[in-house]
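Convention: sequence-line order gives letters A, B, ...; per-chain numbering from 1. Values reported hereafter were calculated over all heavy atoms of this structure, with side chains retained and with hydrogens, waters and symmetry mates removed.
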Protein chains: 2
Amino acid sequence: MTGHETSEPDLGVLAARVLFSVQRELFTALAEQGFDDIQPRAGAVLAYLRADGIRASELARASGQHKQVIGSLIDDLERLGYVERRPDPADRRAKLICPTERGLLQMEAATSIMRAIEERHANALGKREYAAFKTALHHVADLQRQAD
Amino acid sequence: MTGHETSEPDLGVLAARVLFSVQRELFTALAEQGFDDIQPRAGAVLAYLRADGIRASELARASGQHKQVIGSLIDDLERLGYVERRPDPADRRAKLICPTERGLLQMEAATSIMRAIEERHANALGKREYAAFKTALHHVADLQRQAD
DNA sequence: CCCGAATAGTCACCAATATTGACTATCAAG
DNA sequence: CTTGATAGTCAATATTGGTGACTATTCGGG
């Protein structure tokens, strides 16, 4: 990843800027809406939660984090009242991580904040251009995943 | 940041996927080329190095890391022979972080690997489309920075 | 049906990393 | 020449990450 002097910043540098900046804005806005007890790192769980529950190991796979990290994030979020562990009826080894009512509210708030952020970009670039950008970003993300 | 069930993954989730995947590929390729003693976190320094040197505090600002983190990364990279601290002739408080010969080789290798990665995407999406994507990503990154 | 291999999740430990505050030296403005 | 900001470092602490071991359960092949 190279953002050296003369040349344009590369794909990695730009992705990093976008990620960290979006993350900062999102969690600042969440805090202002009362969700002030969660941090960006909890995003590995929160971003992939589903109303009907998801397994911890699925969260680990989706987020690319180790099982232990996910486990301790779930510990925290459970203590804070965002999620609860329920036995998975389909597999007695597994537990379903389900959002509580507060967790559902957080998910809705996050979705709405992200929608506003993306709308801002769509207005700045043009809706058509932003849609094309988003599609391309999706493709790049998919292609990259295959490559490494 | 929300990649929930039904809806499309959002800007943050996609940026994260691209960043971490590119990072993995880059550092794997670097390791194969003999630069096997550096890790992604050193990217905060390496990505912003300049052949004619750059100040530590400038690295901190550019990478968004704390001064102390940059300082210890520089310690490591200096021990590994990638950079050296030189007094800044323009300010006796400051030190210029300059790449050594090995550091320069690493910078060239990284630039070349990133160019190959981006070429792969350009071929997959079409050169014209990729160029438009890259421009849009640049704009999004800039607009985001202002927003938070 | 049973065995061995794989998987879900947790525990406990150790290594790496981040965060904070204080400190010296230097600069820059008035 | 004084005041306030900045560059960089140190040291202490808190947080995070990574590893291997362990139990319970599932799954597939014989």
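At a cut-off of 3.5 Å, with distance as the only test, no side-chain donor of Tyr130(B) or Asn123(B) sits close to an acceptor on the other residue.
Not counting sequence neighbours, the partners of Arg85(A) by the side chain to side chain donor-acceptor pair (under 3.5 Å) test are Asp75(A), Glu78(A).
Spacing between atom CD of Gln68(A) and atom C1' of dT16(D) amounts to 12 Å, rounded to whole angstrom units. In this structure, CG of Asp75(A) is placed 14 Å from C1' of dT16(D), rounded to the nearest angstrom. For the pair Arg93(B) CZ and dG4(D) C1', the computed distance is 12 Å after rounding to whole Å. Look at CZ on Phe20(B): it is 10 Å from P on dG17(D), rounded to the nearest Å.
For the OP1/OP2 pair of dA18(C) and a distance below 4.0 Å, the side-chain nitrogens and oxygens of His66(B) include no atom meeting the criterion. Remark: Arg55(A) is not in phosphate contact with dT7(C), judged by side-chain N or O atoms under 4.0 Å from OP1 or OP2.
The side chain of Arg92(B) has dC27(C) as its nearest neighbour among dA7(D), dT17(C), dC27(C). Considering only the side chain of Gln65(B), dA18(C) comes nearest among dT26(C), dA18(C), dG18(D). When distances run from any side-chain atom of Lys67(B) to the nucleotides dT10(C), dG8(D), dG9(C), the shortest one goes to dG8(D).
Among the heavy atoms of the strands lying under 4.0 Å from Asp91(B) are primed sugar atoms or P, OP1, OP2 only; no base atom is included.
Here Arg86(A) does not pair with Asp52(A) in a salt bridge; the nearest charged N to carboxylate O distance is not below 4.0 Å.
Both Ile54(B) and Arg41(A) sit near DNA chain D, but only Ile54(B) has its closest nucleotide nearer the 5' end.
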